[in-house]
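For reference, the structure discussed in these notes is given below.
Quick note on labels: first sequence line is chain A, next is B, and so on, each numbered from 1. Computed from a prediction, not measured in an experiment: that's the story for all the values here.
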2 protein chains.
Amino acid sequence: MSKTRILIADDHALVREGVAALLQLQDDMEVVGEACDGRDALRLTAKLKPDIVLMDIAMPGLGGLEATTEIKKTMPEIRILILSQYDDREYISRLLKAGVSGYILKHAVGTDLVSAIRAVARGEFYLYSGIASSVVDGFLDKEQALSVDPYEKLTDREKQVLKLIAEGNTHKEIAQLLDISTKTVIAHQTHLSEKLDIHSRADLIKFAIRRGIIKI
Amino acid sequence: MSKTRILIADDHALVREGVAALLQLQDDMEVVGEACDGRDALRLTAKLKPDIVLMDIAMPGLGGLEATTEIKKTMPEIRILILSQYDDREYISRLLKAGVSGYILKHAVGTDLVSAIRAVARGEFYLYSGIASSVVDGFLDKEQALSVDPYEKLTDREKQVLKLIAEGNTHKEIAQLLDISTKTVIAHQTHLSEKLDIHSRADLIKFAIRRGIIKI
DNA sequence: TCGGCCTTTGCCCTCGCGGATGATCGCCTT
DNA sequence: AAGGCGATCATCCGCGAGGGCAAAGGCCGA
(Lines give C-alpha, C1' and ligand atoms only; values in the text may rest on other atoms or scores of the structure.)
Protein backbone atom coordinates (compact mmCIF):
# COMPACT_ATOMS: atom_id res chain seq x y z
CA MET A 1 0.00 0.00 0.00
CA SER A 2 1.44 3.34 -0.97
CA LYS A 3 1.28 6.26 1.43
CA THR A 4 -0.65 9.44 0.71
CA ARG A 5 1.97 11.99 -0.33
CA ILE A 6 1.29 15.41 1.20
CA LEU A 7 2.66 18.91 0.56
CA ILE A 8 2.10 21.51 3.29
CA ALA A 9 1.83 25.19 2.36
CA ASP A 10 1.72 27.69 5.23
CA ASP A 11 3.74 30.80 5.95
CA HIS A 12 4.35 29.83 9.57
CA ALA A 13 7.27 27.42 9.78
CA LEU A 14 6.26 26.17 13.21
CA VAL A 15 2.76 25.34 11.99
CA ARG A 16 4.19 23.53 8.96
CA GLU A 17 6.60 21.48 11.03
CA GLY A 18 4.08 20.81 13.75
CA VAL A 19 1.39 19.60 11.36
CA ALA A 20 4.01 17.59 9.50
CA ALA A 21 5.03 15.95 12.77
CA LEU A 22 1.40 15.08 13.46
CA LEU A 23 0.88 13.58 10.02
CA GLN A 24 4.13 11.59 10.08
CA LEU A 25 2.66 9.69 13.03
CA GLN A 26 0.13 8.18 10.62
CA ASP A 27 1.57 5.22 8.77
CA ASP A 28 -0.57 5.90 5.70
CA MET A 29 0.67 9.45 5.21
CA GLU A 30 3.94 10.99 4.16
CA VAL A 31 4.81 14.71 4.13
CA VAL A 32 6.95 15.16 1.03
CA GLY A 33 7.50 18.90 1.19
CA GLU A 34 6.75 22.26 2.76
CA ALA A 35 6.01 25.56 1.03
CA CYS A 36 6.09 28.97 2.70
CA ASP A 37 3.84 30.83 0.23
CA GLY A 38 1.66 30.34 -2.83
CA ARG A 39 4.52 30.71 -5.31
CA ASP A 40 6.54 28.13 -3.43
CA ALA A 41 3.50 25.85 -3.34
CA LEU A 42 3.16 26.05 -7.13
CA ARG A 43 6.83 25.26 -7.67
CA LEU A 44 6.94 22.35 -5.24
CA THR A 45 3.65 20.90 -6.45
CA ALA A 46 4.97 20.74 -9.99
CA LYS A 47 8.23 19.25 -8.79
CA LEU A 48 7.02 16.77 -6.20
CA LYS A 49 3.59 15.80 -7.58
CA PRO A 50 2.00 15.17 -4.18
CA ASP A 51 -1.38 13.48 -3.84
CA ILE A 52 -2.71 16.25 -1.63
CA VAL A 53 -1.70 19.86 -1.00
CA LEU A 54 -2.62 21.09 2.50
CA MET A 55 -2.94 24.82 1.85
CA ASP A 56 -3.39 27.91 3.99
CA ILE A 57 -5.37 30.77 2.42
CA ALA A 58 -3.66 33.80 3.90
CA MET A 59 -0.10 33.70 2.64
CA PRO A 60 2.13 36.58 1.55
CA GLY A 61 2.53 37.20 -2.15
CA LEU A 62 0.51 34.57 -3.97
CA GLY A 63 -2.39 33.54 -1.72
CA GLY A 64 -3.91 30.12 -1.29
CA LEU A 65 -6.84 30.68 -3.64
CA GLU A 66 -4.67 31.93 -6.47
CA ALA A 67 -2.25 29.06 -5.97
CA THR A 68 -5.15 26.59 -5.97
CA THR A 69 -6.48 28.01 -9.23
CA GLU A 70 -3.06 27.73 -10.86
CA ILE A 71 -2.45 24.19 -9.63
CA LYS A 72 -5.87 23.02 -10.82
CA LYS A 73 -5.25 24.61 -14.20
CA THR A 74 -2.15 22.57 -14.95
CA MET A 75 -2.42 19.62 -12.55
CA PRO A 76 -6.15 18.96 -12.00
CA GLU A 77 -5.49 15.50 -10.57
CA ILE A 78 -3.80 16.93 -7.48
CA ARG A 79 -6.25 17.45 -4.63
CA ILE A 80 -6.24 20.55 -2.46
CA LEU A 81 -7.32 20.63 1.19
CA ILE A 82 -7.66 24.14 2.58
CA LEU A 83 -6.37 24.64 6.13
CA SER A 84 -7.64 28.05 7.18
CA GLN A 85 -7.42 30.13 10.31
CA TYR A 86 -10.74 31.78 9.55
CA ASP A 87 -14.25 30.48 9.26
CA ASP A 88 -14.94 32.11 5.90
CA ARG A 89 -18.27 30.49 5.27
CA GLU A 90 -19.37 32.74 2.47
CA TYR A 91 -16.01 32.16 0.83
CA ILE A 92 -16.20 28.40 0.57
CA SER A 93 -18.27 28.34 -2.59
CA ARG A 94 -15.50 30.20 -4.40
CA LEU A 95 -12.95 27.74 -3.14
CA LEU A 96 -15.12 24.89 -4.37
CA LYS A 97 -15.31 26.63 -7.71
CA ALA A 98 -11.52 26.81 -7.72
CA GLY A 99 -11.50 23.06 -7.29
CA VAL A 100 -10.58 22.41 -3.66
CA SER A 101 -11.51 19.05 -2.16
CA GLY A 102 -11.97 20.15 1.42
CA TYR A 103 -11.90 22.87 4.06
CA ILE A 104 -10.72 22.53 7.65
CA LEU A 105 -9.91 25.05 10.38
CA LYS A 106 -6.83 25.41 12.53
CA HIS A 107 -9.21 25.18 15.46
CA ALA A 108 -9.80 21.55 14.51
CA VAL A 109 -8.00 18.78 16.38
CA GLY A 110 -5.45 16.45 14.83
CA THR A 111 -7.84 13.55 14.41
CA ASP A 112 -10.13 15.80 12.38
CA LEU A 113 -7.25 16.70 10.10
CA VAL A 114 -6.31 13.03 9.65
CA SER A 115 -9.94 12.19 8.84
CA ALA A 116 -10.05 15.06 6.38
CA ILE A 117 -6.92 13.94 4.57
CA ARG A 118 -8.12 10.34 4.35
CA ALA A 119 -11.48 11.48 2.99
CA VAL A 120 -9.84 13.69 0.39
CA ALA A 121 -7.42 10.89 -0.53
CA ARG A 122 -10.45 8.67 -1.21
CA GLY A 123 -11.76 11.32 -3.57
CA GLU A 124 -14.41 12.66 -1.23
CA PHE A 125 -15.10 16.23 -0.17
CA TYR A 126 -14.39 17.13 3.42
CA LEU A 127 -15.94 20.03 5.28
CA TYR A 128 -15.18 20.79 8.90
CA SER A 129 -18.17 20.30 11.19
CA GLY A 130 -20.40 23.32 11.45
CA ILE A 131 -19.49 24.44 7.97
CA ALA A 132 -21.56 21.87 6.10
CA SER A 133 -24.84 23.71 6.64
CA SER A 134 -23.54 26.89 5.10
CA VAL A 135 -22.43 24.95 2.06
CA VAL A 136 -25.95 23.69 1.66
CA ASP A 137 -27.01 27.31 1.61
CA GLY A 138 -24.30 27.96 -0.93
CA PHE A 139 -25.63 25.28 -3.23
CA LEU A 140 -29.08 26.78 -2.92
CA ASP A 141 -27.60 29.96 -4.30
CA LYS A 142 -26.02 28.35 -7.30
CA GLU A 143 -25.48 31.58 -9.13
CA GLN A 144 -23.16 32.73 -6.44
CA ALA A 145 -21.54 29.33 -6.08
CA LEU A 146 -20.62 29.40 -9.73
CA SER A 147 -19.37 32.96 -9.75
CA VAL A 148 -15.69 33.63 -9.95
CA ASP A 149 -13.65 35.13 -7.15
CA PRO A 150 -14.56 38.85 -7.12
CA TYR A 151 -11.03 39.75 -6.11
CA GLU A 152 -9.82 38.40 -9.43
CA LYS A 153 -12.11 40.86 -11.19
CA LEU A 154 -10.19 43.78 -9.70
CA THR A 155 -7.77 45.60 -11.94
CA ASP A 156 -4.14 45.96 -10.88
CA ARG A 157 -4.74 49.56 -9.91
CA GLU A 158 -7.76 48.62 -7.82
CA LYS A 159 -5.79 45.91 -6.03
CA GLN A 160 -3.09 48.46 -5.35
CA VAL A 161 -5.58 50.94 -3.90
CA LEU A 162 -7.22 48.20 -1.84
CA LYS A 163 -3.88 47.31 -0.29
CA LEU A 164 -3.11 50.93 0.55
CA ILE A 165 -6.56 51.47 2.05
CA ALA A 166 -6.24 48.31 4.12
CA GLU A 167 -2.87 49.49 5.40
CA GLY A 168 -4.64 52.50 6.87
CA ASN A 169 -3.82 55.25 4.40
CA THR A 170 -6.29 58.08 3.79
CA HIS A 171 -7.43 59.00 0.29
CA LYS A 172 -5.08 61.95 0.30
CA GLU A 173 -2.10 59.84 1.35
CA ILE A 174 -2.85 57.28 -1.34
CA ALA A 175 -3.19 60.07 -3.90
CA GLN A 176 0.26 61.36 -2.98
CA LEU A 177 1.80 57.88 -3.02
CA LEU A 178 0.39 57.09 -6.46
CA ASP A 179 0.75 60.67 -7.70
CA ILE A 180 -2.89 60.89 -8.75
CA SER A 181 -5.89 62.92 -7.56
CA THR A 182 -7.83 61.93 -4.46
CA LYS A 183 -10.89 61.81 -6.70
CA THR A 184 -9.28 59.07 -8.72
CA VAL A 185 -8.46 57.15 -5.58
CA ILE A 186 -12.10 57.42 -4.57
CA ALA A 187 -13.18 56.26 -8.01
CA HIS A 188 -10.99 53.17 -7.72
CA GLN A 189 -12.30 52.46 -4.25
CA THR A 190 -15.89 52.86 -5.41
CA HIS A 191 -15.29 50.35 -8.17
CA LEU A 192 -13.47 47.79 -6.05
CA SER A 193 -16.00 48.09 -3.24
CA GLU A 194 -18.76 47.32 -5.72
CA LYS A 195 -16.89 44.36 -7.15
CA LEU A 196 -16.18 42.91 -3.71
CA ASP A 197 -19.51 44.03 -2.25
CA ILE A 198 -17.63 45.37 0.75
CA HIS A 199 -18.57 48.94 1.61
CA SER A 200 -16.70 49.89 4.76
CA ARG A 201 -13.04 50.44 5.42
CA ALA A 202 -13.18 48.14 8.43
CA ASP A 203 -14.45 45.24 6.37
CA LEU A 204 -11.96 45.99 3.60
CA ILE A 205 -9.17 45.72 6.16
CA LYS A 206 -10.47 42.39 7.45
CA PHE A 207 -10.89 41.07 3.91
CA ALA A 208 -7.31 42.04 3.14
CA ILE A 209 -6.05 40.31 6.28
CA ARG A 210 -7.97 37.11 5.58
CA ARG A 211 -6.65 37.04 2.05
CA GLY A 212 -3.08 37.70 3.07
CA ILE A 213 -3.01 40.97 1.11
CA ILE A 214 -1.62 42.84 4.09
CA LYS A 215 0.33 41.78 7.17
CA ILE A 216 -0.58 42.80 10.69
CA MET B 1 17.54 14.12 34.76
CA SER B 2 14.02 15.49 34.93
CA LYS B 3 12.33 16.71 31.77
CA THR B 4 11.25 20.31 31.27
CA ARG B 5 7.50 20.30 31.84
CA ILE B 6 5.68 22.49 29.31
CA LEU B 7 2.14 23.86 29.07
CA ILE B 8 1.00 25.08 25.64
CA ALA B 9 -1.61 27.85 25.40
CA ASP B 10 -2.99 28.63 21.93
CA ASP B 11 -6.52 28.90 20.61
CA HIS B 12 -5.76 26.76 17.54
CA ALA B 13 -5.94 23.10 18.44
CA LEU B 14 -3.90 22.03 15.43
CA VAL B 15 -1.10 24.41 16.36
CA ARG B 16 -1.15 23.16 19.95
CA GLU B 17 -1.03 19.52 18.91
CA GLY B 18 1.54 20.13 16.20
CA VAL B 19 3.91 22.02 18.46
CA ALA B 20 3.36 19.42 21.16
CA ALA B 21 4.28 16.68 18.69
CA LEU B 22 7.47 18.57 17.81
CA LEU B 23 8.44 19.03 21.44
CA GLN B 24 7.69 15.42 22.41
CA LEU B 25 10.45 14.42 19.97
CA GLN B 26 12.94 16.02 22.37
CA ASP B 27 13.86 13.69 25.20
CA ASP B 28 14.42 16.57 27.63
CA MET B 29 10.93 18.02 27.19
CA GLU B 30 7.48 16.93 28.18
CA VAL B 31 4.20 18.62 27.22
CA VAL B 32 2.01 18.28 30.29
CA GLY B 33 -1.05 20.17 29.12
CA GLU B 34 -2.77 22.33 26.53
CA ALA B 35 -4.89 25.44 27.10
CA CYS B 36 -7.20 27.02 24.54
CA ASP B 37 -7.36 30.53 26.03
CA GLY B 38 -5.91 32.70 28.77
CA ARG B 39 -8.44 31.61 31.38
CA ASP B 40 -7.69 27.99 30.64
CA ALA B 41 -3.97 28.73 30.82
CA LEU B 42 -4.38 30.21 34.31
CA ARG B 43 -6.35 27.24 35.54
CA LEU B 44 -4.00 24.61 34.10
CA THR B 45 -0.87 26.44 35.23
CA ALA B 46 -2.12 26.44 38.82
CA LYS B 47 -3.10 22.79 38.55
CA LEU B 48 -0.12 21.36 36.66
CA LYS B 49 2.70 23.66 37.81
CA PRO B 50 4.68 23.40 34.55
CA ASP B 51 8.23 24.70 34.28
CA ILE B 52 7.41 26.74 31.20
CA VAL B 53 4.21 28.07 29.66
CA LEU B 54 4.39 28.48 25.89
CA MET B 55 1.82 31.21 25.36
CA ASP B 56 0.15 32.83 22.37
CA ILE B 57 -0.77 36.51 22.74
CA ALA B 58 -3.95 36.74 20.68
CA MET B 59 -6.46 34.46 22.37
CA PRO B 60 -10.19 34.96 22.85
CA GLY B 61 -11.39 36.13 26.23
CA LEU B 62 -8.36 36.53 28.47
CA GLY B 63 -5.35 37.34 26.26
CA GLY B 64 -1.78 36.18 26.63
CA LEU B 65 -0.52 39.33 28.30
CA GLU B 66 -3.26 39.38 30.89
CA ALA B 67 -2.75 35.68 31.59
CA THR B 68 1.00 36.24 31.93
CA THR B 69 0.47 39.04 34.43
CA GLU B 70 -1.86 36.88 36.51
CA ILE B 71 0.45 33.87 36.48
CA LYS B 72 3.45 35.96 37.47
CA LYS B 73 1.44 37.49 40.30
CA THR B 74 0.72 34.19 42.02
CA MET B 75 3.36 31.85 40.59
CA PRO B 76 6.42 33.97 39.75
CA GLU B 77 8.68 30.92 39.52
CA ILE B 78 6.90 29.68 36.39
CA ARG B 79 8.55 30.94 33.21
CA ILE B 80 6.59 32.22 30.26
CA LEU B 81 7.74 31.98 26.63
CA ILE B 82 5.59 34.00 24.24
CA LEU B 83 4.83 32.34 20.89
CA SER B 84 3.34 35.06 18.72
CA GLN B 85 2.10 35.29 15.18
CA TYR B 86 3.07 38.93 14.98
CA ASP B 87 6.35 40.75 15.19
CA ASP B 88 5.18 43.28 17.75
CA ARG B 89 8.53 44.86 18.40
CA GLU B 90 7.29 47.89 20.25
CA TYR B 91 5.21 45.58 22.42
CA ILE B 92 8.03 43.44 23.74
CA SER B 93 9.07 45.84 26.46
CA ARG B 94 5.63 45.54 28.01
CA LEU B 95 5.82 41.77 27.87
CA LEU B 96 9.19 41.92 29.59
CA LYS B 97 7.62 44.14 32.20
CA ALA B 98 4.94 41.51 32.68
CA GLY B 99 7.69 39.04 33.40
CA VAL B 100 8.02 36.88 30.27
CA SER B 101 11.27 35.02 29.70
CA GLY B 102 11.24 34.98 25.94
CA TYR B 103 9.56 35.85 22.65
CA ILE B 104 9.49 33.72 19.50
CA LEU B 105 7.47 33.90 16.29
CA LYS B 106 5.40 31.27 14.56
CA HIS B 107 7.58 31.96 11.54
CA ALA B 108 10.47 30.40 13.44
CA VAL B 109 11.51 26.82 12.71
CA GLY B 110 11.27 23.98 15.20
CA THR B 111 14.94 24.03 16.15
CA ASP B 112 14.59 27.69 17.09
CA LEU B 113 11.70 26.84 19.37
CA VAL B 114 13.64 24.02 20.98
CA SER B 115 16.61 26.33 21.53
CA ALA B 116 14.30 28.95 22.99
CA ILE B 117 12.75 26.52 25.45
CA ARG B 118 16.14 25.20 26.56
CA ALA B 119 17.42 28.75 27.06
CA VAL B 120 14.36 29.72 29.09
CA ALA B 121 14.62 26.49 31.10
CA ARG B 122 18.20 27.50 32.01
CA GLY B 123 16.84 30.78 33.31
CA GLU B 124 17.99 32.85 30.32
CA PHE B 125 16.02 35.26 28.18
CA TYR B 126 15.34 34.25 24.59
CA LEU B 127 14.52 36.64 21.76
CA TYR B 128 13.93 35.49 18.22
CA SER B 129 16.62 36.62 15.80
CA GLY B 130 15.99 40.05 14.38
CA ILE B 131 14.10 41.13 17.44
CA ALA B 132 17.13 41.56 19.68
CA SER B 133 18.09 44.91 18.17
CA SER B 134 14.72 46.42 18.86
CA VAL B 135 14.97 45.30 22.46
CA VAL B 136 18.25 47.14 22.73
CA ASP B 137 16.36 50.19 21.56
CA GLY B 138 13.74 49.39 24.14
CA PHE B 139 16.28 49.37 26.93
CA LEU B 140 17.61 52.67 25.70
CA ASP B 141 14.14 54.02 26.25
CA LYS B 142 13.83 52.77 29.79
CA GLU B 143 10.91 54.99 30.63
CA GLN B 144 8.81 53.24 28.03
CA ALA B 145 10.15 49.83 28.98
CA LEU B 146 9.02 50.36 32.54
CA SER B 147 5.63 51.76 31.64
CA VAL B 148 2.56 49.62 32.13
CA ASP B 149 0.46 48.23 29.33
CA PRO B 150 -1.61 51.17 28.00
CA TYR B 151 -4.52 48.87 27.32
CA GLU B 152 -4.81 48.18 31.03
CA LYS B 153 -5.24 51.92 31.60
CA LEU B 154 -8.46 51.90 29.58
CA THR B 155 -11.71 51.99 31.50
CA ASP B 156 -14.27 49.24 30.96
CA ARG B 157 -16.37 51.57 28.85
CA GLU B 158 -13.39 52.51 26.71
CA LYS B 159 -12.52 48.85 26.14
CA GLN B 160 -16.12 48.26 25.12
CA VAL B 161 -16.05 51.14 22.65
CA LEU B 162 -12.67 50.00 21.28
CA LYS B 163 -14.09 46.56 20.57
CA LEU B 164 -17.13 47.98 18.80
CA ILE B 165 -15.02 50.36 16.73
CA ALA B 166 -12.67 47.55 15.74
CA GLU B 167 -15.63 45.45 14.67
CA GLY B 168 -16.45 48.13 12.12
CA ASN B 169 -19.35 49.96 13.75
CA THR B 170 -19.86 53.67 13.12
CA HIS B 171 -20.20 56.13 15.97
CA LYS B 172 -23.95 56.22 15.50
CA GLU B 173 -24.25 52.44 15.56
CA ILE B 174 -22.20 52.23 18.74
CA ALA B 175 -24.33 54.98 20.28
CA GLN B 176 -27.47 52.97 19.54
CA LEU B 177 -25.96 49.74 20.85
CA LEU B 178 -24.87 51.34 24.12
CA ASP B 179 -27.88 53.65 24.29
CA ILE B 180 -25.74 56.78 24.66
CA SER B 181 -25.05 59.82 22.49
CA THR B 182 -22.65 59.69 19.56
CA LYS B 183 -20.76 62.51 21.25
CA THR B 184 -20.10 60.27 24.20
CA VAL B 185 -18.86 57.54 21.92
CA ILE B 186 -16.48 60.03 20.33
CA ALA B 187 -15.33 61.17 23.76
CA HIS B 188 -14.52 57.59 24.73
CA GLN B 189 -12.68 57.06 21.48
CA THR B 190 -10.70 60.26 21.95
CA HIS B 191 -9.64 59.14 25.41
CA LEU B 192 -8.71 55.59 24.45
CA SER B 193 -6.87 56.75 21.36
CA GLU B 194 -4.77 59.05 23.52
CA LYS B 195 -4.07 56.30 26.04
CA LEU B 196 -3.05 53.83 23.36
CA ASP B 197 -1.42 56.48 21.15
CA ILE B 198 -3.30 55.03 18.19
CA HIS B 199 -5.10 57.65 16.16
CA SER B 200 -6.68 55.91 13.17
CA ARG B 201 -9.46 53.40 12.92
CA ALA B 202 -7.30 51.16 10.77
CA ASP B 203 -4.60 50.92 13.41
CA LEU B 204 -7.20 50.44 16.14
CA ILE B 205 -8.55 47.47 14.21
CA LYS B 206 -5.09 45.97 13.80
CA PHE B 207 -4.31 46.53 17.47
CA ALA B 208 -7.53 44.76 18.42
CA ILE B 209 -6.72 41.83 16.17
CA ARG B 210 -3.19 41.46 17.51
CA ARG B 211 -4.47 41.52 21.06
CA GLY B 212 -7.24 39.03 20.41
CA ILE B 213 -9.92 41.60 21.25
CA ILE B 214 -11.84 40.84 18.06
CA LYS B 215 -11.98 37.86 15.74
CA ILE B 216 -11.70 38.07 11.99
C1' DT C 1 -16.47 67.07 52.77
C1' DC C 2 -13.52 67.66 48.94
C1' DG C 3 -11.00 66.41 44.96
C1' DG C 4 -10.42 63.16 41.38
C1' DC C 5 -12.05 59.94 38.06
C1' DC C 6 -15.68 58.00 35.12
C1' DT C 7 -19.43 58.77 32.30
C1' DT C 8 -22.31 61.52 30.09
C1' DT C 9 -23.71 65.40 26.76
C1' DG C 10 -23.75 69.57 24.16
C1' DC C 11 -21.95 73.03 20.42
C1' DC C 12 -18.61 74.36 16.95
C1' DC C 13 -15.45 73.43 13.56
C1' DT C 14 -12.57 71.15 9.93
C1' DC C 15 -11.61 67.34 7.44
C1' DG C 16 -12.35 62.91 5.29
C1' DC C 17 -15.56 59.51 3.30
C1' DG C 18 -18.23 57.89 -0.31
C1' DG C 19 -22.13 57.86 -3.82
C1' DA C 20 -24.06 59.97 -8.25
C1' DT C 21 -22.98 61.73 -12.51
C1' DG C 22 -20.29 62.97 -16.34
C1' DA C 23 -16.17 63.53 -18.96
C1' DT C 24 -11.48 62.71 -21.49
C1' DC C 25 -7.89 59.79 -23.05
C1' DG C 26 -5.59 55.59 -24.49
C1' DC C 27 -5.31 50.69 -25.34
C1' DC C 28 -7.15 46.50 -27.13
C1' DT C 29 -10.31 43.64 -29.60
C1' DT C 30 -13.73 42.89 -33.01
C1' DA D 1 -13.75 52.27 -37.63
C1' DA D 2 -16.36 51.12 -33.57
C1' DG D 3 -17.01 49.57 -29.12
C1' DG D 4 -15.39 48.02 -24.57
C1' DC D 5 -12.54 48.73 -20.75
C1' DG D 6 -9.20 50.92 -17.69
C1' DA D 7 -7.32 55.13 -15.76
C1' DT D 8 -7.77 59.68 -15.01
C1' DC D 9 -10.25 63.94 -13.03
C1' DA D 10 -14.15 66.90 -12.05
C1' DT D 11 -18.54 68.84 -9.39
C1' DC D 12 -22.19 68.23 -6.17
C1' DC D 13 -23.89 66.58 -1.95
C1' DG D 14 -24.87 64.28 2.46
C1' DC D 15 -22.89 62.14 6.12
C1' DG D 16 -19.28 60.48 9.24
C1' DA D 17 -14.85 61.29 11.73
C1' DG D 18 -12.60 63.54 15.14
C1' DG D 19 -10.52 67.59 17.77
C1' DG D 20 -11.51 71.54 21.00
C1' DC D 21 -14.15 73.42 24.55
C1' DA D 22 -17.33 73.36 28.37
C1' DA D 23 -19.91 71.11 31.89
C1' DA D 24 -22.99 68.17 34.72
C1' DG D 25 -23.94 64.07 37.74
C1' DG D 26 -22.20 59.90 40.13
C1' DC D 27 -19.00 57.37 42.74
C1' DC D 28 -15.08 56.61 45.64
C1' DG D 29 -11.12 57.31 48.42
C1' DA D 30 -8.45 60.68 51.17
Side-chain angles (χ1 to χ4, degrees), chain A residues 66 69 147-211 213-214 216, chain B residues 66 69 147-211 213-214 216:
Chain A
E66 294 84 353
T69 305
S147 70
V148 298
D149 177 22
Y151 181 69
E152 287 310 311
K153 300 184 75 172
L154 266 53
T155 66
D156 289 344
R157 201 58 155 172
E158 286 165 354
K159 290 178 183 176
Q160 196 175 17
V161 171
L162 168 61
K163 183 169 186 289
L164 291 169
I165 289 173
E167 284 171 346
N169 296 289
T170 66
H171 288 159
K172 186 187 290 183
E173 288 166 348
I174 296 170
Q176 290 167 352
L177 285 170
L178 301 183
D179 197 27
I180 56 179
S181 159
T182 61
K183 301 302 176 182
T184 308
V185 176
I186 292 173
H188 289 313
Q189 184 180 346
T190 301
H191 295 149
L192 73 88
S193 288
E194 283 172 0
K195 289 179 181 176
L196 298 177
D197 193 27
I198 297 174
H199 301 279
S200 78
R201 290 174 95 82
D203 288 334
L204 284 175
I205 290 172
K206 292 170 188 175
F207 173 83
I209 290 171
R210 280 197 295 265
R211 295 295 293 268
I213 298 167
I214 61 167
I216 55 174
Chain B
E66 294 82 354
T69 304
S147 70
V148 298
D149 177 21
Y151 180 70
E152 287 309 312
K153 300 184 74 171
L154 266 53
T155 66
D156 289 343
R157 200 59 154 174
E158 287 164 356
K159 290 178 183 175
Q160 197 175 15
V161 171
L162 168 60
K163 183 169 185 287
L164 291 169
I165 289 173
E167 284 171 347
N169 296 290
T170 66
H171 289 159
K172 185 188 289 184
E173 288 166 347
I174 296 171
Q176 290 167 351
L177 285 169
L178 301 182
D179 196 29
I180 56 179
S181 159
T182 61
K183 300 302 173 182
T184 309
V185 176
I186 293 173
H188 289 313
Q189 183 180 347
T190 301
H191 296 149
L192 72 89
S193 289
E194 283 172 0
K195 289 179 182 176
L196 299 177
D197 194 27
I198 298 174
H199 300 279
S200 79
R201 289 174 96 83
D203 288 333
L204 284 175
I205 291 173
K206 291 170 188 175
F207 173 83
I209 291 171
R210 281 197 295 263
R211 294 294 292 268
I213 297 167
I214 61 167
I216 54 175

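As a whole-Å value, the separation of Ile205(B) CD1 from dA17(D) P is 12 Å. Rounded to whole Å, atom P of dG18(D) lies 11 Å from atom CG of Asp203(B). Per the geometry, CG belonging to Leu192(A) stands 13 Å off P belonging to dT8(D), to the nearest Å.
Within the 3.5 Å criterion, the main-chain N or O of Ala208(A) finds no donor-acceptor partner in the side chain of Lys163(A). One N or O on the side chain of Asn169(B) and one on the backbone of Leu164(B) form a donor-acceptor pair closer than 3.5 Å.
Side-chain contact check for Leu178(B) versus Arg157(B): some heavy-atom pair is nearer than 4.5 Å. Under the 4.5 Å side-chain criterion, counting only non-hydrogen atoms from C-beta, Leu204(B) is in contact with Leu196(B). Side-chain contact between Lys195(A) and Thr155(A): present, with at least one pair of heavy atoms (C-beta onward) separated by less than 4.5 Å.
Taking only side-chain nitrogens and oxygens, His199(B) never comes nearer than 4.0 Å to OP1 or OP2 of dA17(D). Checking the phosphate oxygens (OP1, OP2) of dG18(D), a side-chain nitrogen or oxygen of Arg201(B) falls inside 4.0 Å. For Gln189(B) and dA17(D), the shortest distance from a side-chain N or O to OP1 or OP2 is not below 4.0 Å.
In the region residues 154-181 of chain B, proximity to DNA chain D at under 4.0 angstrom, judged on heavy atoms, holds for Thr170(B), His171(B), Lys172(B).
Looking at Glu66(A) and Arg211(A), a side-chain N of the basic residue comes within less than 4.0 Å of a carboxylate O on the acidic one, giving a salt bridge.
Contact footprint of chain A on DNA chain C: nucleotides with an atom under 4.0 Å from a non-hydrogen protein atom, first to last in 5' to 3' order, dG16(C) to dG19(C).
Residues Lys159(B) and Leu154(B) come closest through the heavy atom pair CE-O, 3.6 Å.
Taking CD of Gln189(A) as the start and CD1 of Ile174(A) as the end, the distance is 7.0 Å to the nearest 0.5 Å.
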